[in-house]
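Note: hydrogens, waters and symmetry copies are ignored here, and every other heavy atom, side chains too, is used.
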Amino acid sequence: MEKKILGFLLLSSPYTYQNSHTLYELARTALEKGYGVKIFLFVDGVNNAKLDQEPDPDVPMNQRLQELADLGAEFQACGLCTAARGFDQTGSDFVDVVEVSGLTEFAEIIGEVDRFITFSL
Amino acid sequence: MEKKILGFLLLSSPYTYQNSHTLYELARTALEKGYGVKIFLFVDGVNNAKLDQEPDPDVPMNQRLQELADLGAEFQACGLCTAARGFDQTGSDFVDVVEVSGLTEFAEIIGEVDRFITFSL
Amino acid sequence: MKYLIWLSHECETLREITESLKKANQEIALLLVQDGTYLLDKGCPHSAELKDLAVKVYALKDHIEERGISDRLVIPAELVDYSGMVDLIMEQYDKVITA
Amino acid sequence: MKYLIWLSHECETLREITESLKKANQEIALLLVQDGTYLLDKGCPHSAELKDLAVKVYALKDHIEERGISDRLVIPAELVDYSGMVDLIMEQYDKVITA
Amino acid sequence: MEFTERKVLVLIRSRPFGKIINFEGWRAAVGMIGMDHEPQMLFMGDGVYALLKNMDAKPIMMFKSTYESFDGRITVSKRSLEERGISDDEIFEGVEILDENGIAKAFIENEVVITF
Amino acid sequence: MEFTERKVLVLIRSRPFGKIINFEGWRAAVGMIGMDHEPQMLFMGDGVYALLKNMDAKPIMMFKSTYESFDGRITVSKRSLEERGISDDEIFEGVEILDENGIAKAFIENEVVITF
């Protein structure tokens, strides 16, 4: 049987909100239990993908995203949101497991998930 | 007589919250009326200083900060917050009118303002 | 269908969503995380609703404990860890509604 | 001293701050901007307080108008533009309290 | 699972303006149409303030064309309107007002819920 | 104006954890001491939840040393505690509980208010 997929929409920045931490723990647990995970970074959510975060003593969120991707999670990020915030639209400012795309790709994720959760502001 | 100074603390990102817009309009009006303006960017507030923002059709906030600085506003940004978010601590990712410093500089601003407003989350 | 209503922001009212689904004879439960756990705290203006609504309430144990509100809950919620939360979301309930 | 209480987030209660300063015989007024302007909207659960508090209320005209709530205000607020707001903050009042 | 065309509920529970995410919901809804999903907008709680027809569209210019290009169902909770003393003629035309039964249906009939 | 040492009120009105800004208030308060200002912390509204002594400090490790190095006044609104059914023995020791008069004084005696 094909594995069930858990989808997330993340709208908030790291460090300021608890969302990113909860999403990380929940996604990791789901992946470890054998589910698929797909995540769309929208609005301020794209900030989670920024390279070189140093939030010592917290763990950098870009490193968390890499960890989730290594366990099989897939990431897309909103391109317009990326450009608006001064990041490169090809994704060169982001951890490379995050693909900069658009709302069509978000709609694709929505067509593929079995359960879906929004981490809003 | 020395001019009165209006101080601001900005805690939020641009585009997601209305704070940055309101702060810009209020600061510009105060500067045009001859007051001094000092702004400290804290937590997600540092994102306002990022170079190369392209939020078309909105006006890039880094350009707004430059405009305010040209009118005489002074900016400081929290260094730990800057590093946490993956930006260079020397300020090379930011519009150059923003100086990356720390809470001591914020305390300095607090000692110099006549009125103070927090733009929180 | 069994619905899991996810609340994460604040202790806000869930009366409308829960009441409308209950009247339509749907099975529902709440899953409270982050600041949504304050809905269980006796200091939340909406916590009294939980008794009226008479729905099953799950909450993330970590988030209740880190807030130090374990002794202040208005009803006995079922505290789950992340593993329990994944089971609820993926298996025990059919659909998640983010409130 | 004349205090200007700045509210920008949401239609939240300002009862405690305003009542304690009034009892201490201080002169206070509210300045509502952004989502703080909803405190004037008849749909805000706290808007009825404004009548009890009987304090002067200023609000940023732009923010009332863009929200389309001009016809829904529970008390007549004095609408100001940015220039008026700067005068209030820098000259007419001695201290700003961000609520 | 395989890609499936879906009924998608875009639920708006947050106030407009202060946080711009309320408007981003429109963009997400229009995006759904691109992949042949069938989106329904539902405004509940303070989200209903986004439907006041006296609203000034200037600050939300970025979203206005999106709003205008959306041809799915736009629905609002009758109860949320009433709780805020908002009458039917204060909101945009063409918005469907849902009673308790309509709200339940929105959650039951749509397969995925996205919340702003 | 010239730099002046000041009495500064750090007002915490937001809940802890969900938004971390509540804890950033401690950092700002400690920063004030660096320039010889005299900070007072005041917890009001849902901000009072940050004083529950059963709180688990692990997630706020980043702020704990800051909190411990703060030796200014830590004050809380009696009314806000009461409205939330929080008794005096549920909060950290050494926190001063202010009645209406104490709250008024906090706003009157401090020259600058910073809000989180």
Report the distance from atom CD of F/Glu24 to atom OG of B/Ser120, rounding to the nearest 0.5 Å. 11.0 Å
Return the CD1 to CE distance between B/Ile110 and F/Met35, rounded to the nearest 0.5 Å.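 Rounded to the nearest 0.5 Å, the CD1-CE separation comes to 11.5 Å.
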Picking from B/Leu80, B/Ile117, B/Leu9, B/Asp114, which has the most non-hydrogen pairs under 4.5 angstrom with chain F? B/Asp114
Heavy-atom distances under 4.5 Å only: say whether B/Phe42 touches chain F with side chain, backbone, both or neither.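 For B/Phe42, the side chain is the part near chain F, not the backbone.
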Is chain F contacted by the side chain of B/Ile109, its backbone, both, or neither, given a heavy-atom distance below 4.5 Å? neither
Go through the steps for B/Cys78 and F/Arg27 under the test side-chain contact (heavy atoms from CB on, under 4.5 Å), then give the verdict. CA-CA 11 Å; B/Cys78 158; F/Arg27 278 219 287 150; 4.2 Å; yes
So, F/His37 side chain and B/Ala107 main chain: donor-acceptor pair closer than 3.5 Å or not?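 Confirmed, F/His37 side chain pairs with B/Ala107 backbone.
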Give the C-alpha distance, both sets of side-chain angles, the deciding distance and a yes or no for side-chain contact (heavy atoms from CB on, under 4.5 Å) between F/Phe116 and B/Leu11. CA-CA 9 Å; F/Phe116 287 87; B/Leu11 300 173; 4.0 Å; yes
Which atoms of F/Val30 come close to chain B, meaning under 4.5 Å heavy atom to heavy atom: side chain ones, backbone ones, both, or neither? neither
Heavy atoms from other residues, nucleotides or ligands near NZ of B/Lys33 exceed 12 (cutoff 6.0 Å): yes
Quick check: closest heavy atoms across B/Glu112 and F/Phe3, and the distance to 0.1 Å?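 Result for this residue pair: CG-CA, 4.0 Å.
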Check the pair F/Val113 / B/Phe116 against side-chain contact (heavy atoms from CB on, under 4.5 Å), numbers first and verdict last. CA-CA 7 Å; F/Val113 181; B/Phe116 188 76; over 6 Å; no
